[in-house]
Amino acid sequence: MRLSTYFMPTLKETPAEAQIVSHRLMLRAGMIRQSSAGIYSWLPLGLKVLKNIEQVVREEQNAINCHEVLMPTIQSADLWRQSGRYDDYGPEMLRVSDRHGRDMLYGPTNEEQITEIFANSIRSYRDVPQLLYHIQWKFRDEVRPRFGIMRGREFLMKDAYSFDLDKEGAQNSYNKMFVSYLKTYERLGLKAIPMAADTGPIGGDMSHEFLILAETGESEIACHNECLNNNWLKDVDADSNLGKIVHTFTEKYAATDEMRDEKTERALGSNLITARGIEVGHIFYFGTKYSSKLGAVVTGPNGEEITVEMGSYGIGVSRLVGAIIEACHDDRGIIWPETVTPYKVGLINLRHDDDNCTNACDNMYSLLKDAGIEALYDDRDKKAGVKFADMDLIGLPWQIIIGPKSVKDGIVEFKNRKTGELVELSAAAALNLLKG
RNA sequence: CGGGGCGUAGCGCAGUCUGGUAGCGCAUUCGGUUUGGGACCGAAAGGUCGGAGGUUCGAAUCCUCUCGCCCCGACCA
């Protein structure tokens with residue numbers, strides 16, 4: 001992409017309303033613009049990152065045979081009356097009515113909808129278990145939206161739902177999703193720590209929140225220091241012993257504010273770590289809460305009726321954009337993990353008006369393009385300093401810098417955004433590094 | 001929803017206390033000089049001072065109401 005024709009309105013100064021670093025950087029990098037409190041528009045650069053994260057999440061869901069669907073944002077109030085949540089949900093639910101005066105709502109979550117779909121479609125125990133998910137915009141009318149995209153009212157969420165015949169089956173679905181989440185965060189370059197979460201009236205230990213540590217996190221968390229050293233998973237296949245993996249990740253104490261236990265913490269002594277964290281995922285098992293009310297019942301092997309056991313599993317996709325920035329930045333700007341970066345490499349032409357320089361850049365750009373490497377080419381008529389600052393701000397992991405000096409020496413400068421390390425290479429060598 | 005703060009040019013701000021025809025920096029446009037970490041000189045353009053009502057000869061400034069945004073807390077992906 002040539003920056004001269006792109007839409008990337010960067011800001012030199014931080015807008016007054018932005019307080020936390022991810023919000024500031026997203027505004028400054030031209031990723032988002034605020035529409036109203038807790039509601040944002042996504043500009044090209046931000047949208048690209050959002051889509052990349054969404055894709056990683058999608059691939060990991062698909063990998064565990066969880067099937068993607070897409071449910072609407074607008075739902076009928078009747079469905080929610082059946083589950084009893086129309087009244088329970090309170091003012092956080094945005095209620096609207098259509099031209100006929102029918103009560104509708106902008107979905108804050110989709111348990112009712114998915115349960116209805118399941119109930120209308122699946123009759124036999126043979127078709128269970130089932131895992132379904134979708135990635136859709138949600139609206140929750142938060143009392144206090146804040147922190148930019150991190151606690152918006154409108155947000156993009158991946159929510160998955162499991163349907164099983166019994167509690168053991170539900171436990172297995174839960175474990176699958178648990179491990180899948182570990183892999184997802186690993187791929188996104190995050191260390192997300194699973195923590196025991198409040199299970200509400202269902203009880204048991206089948207609810208976990210996944211948190212990444214960040215000073216700006218909203219939850220006050222505490223955990224055993226070894227939780228930070230767990231090996232985040234790369235290669236887990238379907239045959240792995242999921243229960244065992246879940247066990248290793250949950251055996252040590254780790255709890256968010258409402259679940260903290262003073263006694264346990266005192267016993268941990270110097271092994272205890274307290275910190276702040278950002279919740280990037282939440283999974284829980286809730287039994288037959290919705291299936292019983294919405295009639296999600298299948299016929300069992302002996303002709304008996306079985307009300308399915310359900311769980312739901314959420315990842316805040318749009319929140320992850322902010323969370324990743326909170327975890328990956330320095331005083332110059334963002335530092336994207338390779339898996340979500342909007343472009344793999346930034347190409348800087350230091351002297352737009354120098355033909356040799358521009359030719360060398362155009363050439364490099366073609367090489368990158370031919371190699372299938374997505375590059376953002378700063379071919380603007382701007383000062384070198386402006387280009388350096390913008391490139392550091394938007395945080396592409398690699399930079400290729402070409403100026404009169406490098407042209408004379410027949411090299412390019414290859415910079416690692418994270419370490420700042422700068423090496424001089426031939427164009428071909430730089431290309432190879434990026435391919436590798 | 002309780003407490004606090006802020007709305008003045010695209011962005012960052014001053015001016016408000018003490019009323020007198022709206023200003024600075026950056027960005028933008030044009031001309032020139034520059035050119036490896038947010039250049040310099042000159043010129044230009046850009047504002048119903050969030051909105052409504054009121055007080056006054058006169059309101060960004062005082063009064064009343066209202067809308068919006070941000071922060072702290074209680075709740076949540």
Side-chain angles (χ1 to χ4, degrees), chain A residues 9-20 23-24 27-28 30 33-39 53 57 89-93 107-110 135-160 181 192 197-198 200 207-212 216-220 256-258 277-284 312-323 332-333 348-354 357 378 380-393 399 401-408 412-413 415 420 422 424:
Chain A
T10 56
L11 302 173
K12 196 167 162 184
E13 286 172 288
T14 304
E17 75 268 14
Q19 297 298 319
I20 68 162
H23 191 197
R24 292 172 170 217
L27 288 169
R28 287 193 51 213
R33 285 294 182 263
Q34 184 168 40
S35 169
S36 58
I39 303 178
I53 293 172
V57 171
Y89 216 91
E92 262 186 38
M93 184 153 73
T109 177
N110 292 69
I135 299 174
Q136 178 63 289
W137 292 92
K138 307 284 191 287
F139 194 94
R140 294 186 190 170
D141 203 356
E142 297 278 345
V143 256
R144 182 151 98 85
R146 62 187 123 165
F147 302 149
I149 223 67
M150 299 252 282
R151 177 163 295 289
R153 293 193 291 171
E154 190 181 53
F155 58 97
L156 187 63
M157 176 162 123
K158 185 284 299 181
D159 40 325
Y181 272 35
D198 197 356
S207 179
H208 288 89
E209 291 180 14
F210 291 77
L211 287 102
I212 62 166
T216 44
E218 289 186 84
S219 342
E220 188 86 48
T256 57
D257 2 24
E258 72 273 12
I278 301 168
E279 184 184 348
V280 290
H282 194 169
I283 62 179
F284 44 92
S312 79
Y313 314 87
I315 289 182
V317 176
S318 48
R319 172 180 285 182
L320 273 170
V321 180
R332 291 178 195 276
I348 300 181
N349 181 357
L350 289 180
R351 285 290 298 275
H352 168 81
D353 59 347
D354 178 323
C357 209
D378 194 344
R380 296 175 300 175
D381 182 13
K382 298 265 187 192
K383 297 270 297 178
V386 174
K387 296 186 175 188
F388 284 132
D390 270 350
M391 202 55 87
D392 286 346
L393 172 65
Q399 298 175 9
I401 301 159
I402 297 177
K405 273 191 282 183
S406 27
V407 171
K408 202 171 80 204
V412 301
E413 286 161 79
K415 181 176 149 182
L422 190 87
E424 299 191 340

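In this text, all values refer to a predicted model and were calculated from it rather than measured experimentally. Protein chains get the first letters and strands the later ones, always in sequence-line order, with residue 1 at the start of each. Heavy-atom basis, side chains included; hydrogens, waters and symmetry copies ignored.
Pairing for B:G7 is with B:C67, a Watson-Crick or G-U wobble pair whose two hydrogen-bonding atom distances lie under 3.5 Å. Here B:U48 sits opposite no nucleotide as a Watson-Crick or G-U wobble pair (both hydrogen-bonding atom distances under 3.5 Å). Under the Watson-Crick or G-U wobble criterion, with both distances below 3.5 Å, B:G2 is paired with B:C72. Nucleotide B:A43 forms a Watson-Crick or G-U wobble pair with B:U29, both donor-acceptor distances falling under 3.5 Å. Under the Watson-Crick or G-U wobble criterion, with both distances below 3.5 Å, B:G23 is paired with B:C13. Partner assigned to B:G37 is none, using Watson-Crick or G-U wobble distances below 3.5 angstrom.
Nucleotides B:A77 and B:G7 have their C1' atoms positioned 31 Å apart, rounded to a whole Å. Nucleotides B:G19 and B:C49 are separated by 14 Å at their C1' atoms, to the nearest Å. Rounded to whole Å, the P atom of B:G15 lies 15 Å from the corresponding atom of B:U61. Comparing the P positions of B:G58 and B:G53 gives a spacing of 15 Å, expressed to the nearest Å. Separation of the P atoms belonging to B:A14 and B:A39 is 25 Å when rounded to the nearest angstrom. Comparing B:G38 with B:G25, their C1' atoms sit 14 Å apart, to the nearest whole Å. Rounded to whole Å, the P atom of B:C57 lies 24 Å from the corresponding atom of B:G51. Rounded to the nearest Å, the gap between the P atom of B:C69 and that of B:U64 is 24 Å.
Contacts of A:T14 with the nucleic acid, taken as non-hydrogen atoms under 4.0 Å apart, involve only primed sugar atoms and P, OP1 or OP2. A:R33 comes within 4.0 angstrom of no nucleic acid atom, judged by non-hydrogen atoms across all strands. Using a 4.0 Å heavy-atom distance criterion, A:G314 is classed as making no nucleic acid contact. No engagement by A:D354 is indicated, since no non-hydrogen atom pair under 4.0 Å with the nucleic acid exists. Note on A:D159: nothing from the nucleic acid sits closer than 4.0 angstrom, heavy atoms only. Residue A:G90 is classed as having no contact, given no heavy-atom separation below 4.0 Å to the nucleic acid.
Atom NZ in A:K415 sits roughly 16 Å away from atom P in B:G36 (whole-Å rounding). Atom P of nucleotide B:C75 and atom CD of A:E279 are separated by 14 Å, given to the nearest angstrom. Per the geometry, CG belonging to A:L422 stands 11 Å off C1' belonging to B:G36, to the nearest Å. In this structure, A:D257 atom CG and B:A74 atom C1' are separated by 12 Å, rounded to whole Å. What separates CD of A:E413 from C1' of B:G37 is a distance of 12 Å, to the nearest Å. The interatomic distance linking A:L350 (CG) with B:G38 (C1') rounds to 14 Å, in whole Å.
Within the 4.5 Å cutoff, side-chain heavy atoms of A:D392 are placed close to those of A:K415. Contact of the A:Y181 side chain with the A:H208 side chain is not registered, since no non-hydrogen atoms from C-beta on lie closer than 4.5 Å.
Partners of A:H352 by ring-ring contact (aromatic ring centres under 6.0 Å, His included), not counting sequence neighbours: none found.
Atom-to-atom distance recorded for A:H23:NE2 and A:T14:OG1 is 10.5 Å, nearest 0.5 angstrom. Atom CG in A:L156 sits 9.5 Å away from atom CD1 in A:I53 (nearest 0.5 Å). Separation of atoms CD (A:E13) and CG (A:L27) is listed at 13.5 Å; rounding is to 0.5 Å.
For A:K405, the listed nucleotide lying nearest its side chain is B:G36; candidates were B:A39, B:G36, B:G37. Candidate nucleotides B:A77, B:G12, B:G38 were compared by shortest atom distance to the side chain of A:R140, and B:A77 ranks first. Taking every side-chain heavy atom of A:D390 into account, B:G38 is the closest of B:G38, B:C75, B:G37. Checking B:A77, B:G38, B:G36 against the side-chain heavy atoms of A:H282 singles out B:A77 as nearest. Taking only side-chain atoms of A:P15, from C-beta outward, the nucleotide of B:C11, B:C75, B:A77 with the closest atom is B:C11.
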Do any side-chain atoms of residues 142-150 of chain A form donor-acceptor pairs under 3.5 angstrom with protein atoms, and if so which ones, sequence neighbours left out?
residue: A:E142; atom: OE1; partner: A:R151; partner atom: NH1; Å: 3.3
residue: A:E142; atom: OE2; partner: A:R151; partner atom: NH1; Å: 3.0

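In summary, the side chains of A:H282 and A:S207 do present a donor paired with an acceptor at a separation below 3.5 Å, with no hydrogens or angles considered.
Two residues, A:F284 and A:R332, neighbour RNA chain B, and the one matched to the more 5' nucleotide by heavy-atom proximity is A:R332. Both A:E13 and A:G281 lie near RNA chain B, and the one whose nearest nucleotide falls closer to the 5' end is A:E13.
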Checklist entry - How does protein contact run along nucleotides 67-72 of chain B, one letter per nucleotide 5' to 3', with B for base contact, S for sugar-phosphate only, - for none, heavy atoms under 4.0 Å? => result --SSBB

Item to check | Working for side chain to side chain contact (heavy atoms under 4.5 Å, CB included), residues A:S312 and A:D159 | outcome: CA-CA 7 Å; A:S312 79; A:D159 40 325; over 6 Å; no

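Salt-bridge formation is not detected for the pair A:R332/A:D390: no Lys NZ or Arg NE/NH1/NH2 atom is positioned less than 4.0 Å from an Asp or Glu carboxylate oxygen.
For B:G36, the base is not stacked against the aromatic ring of A:F388, per a cut-off of 5.5 Å between centres and 30° between planes.
The base of B:G36 is not paired with the side chain of A:K408 by any donor and acceptor separated by under 3.5 Å. On a pure distance criterion of 3.5 Å, no polar donor-acceptor pair joins the side chain of A:R24 and the base of B:G12.
Regarding contacts with the backbone of B:U28, a side-chain N or O of A:K382 is found under 4.0 angstrom from either OP1 or OP2.
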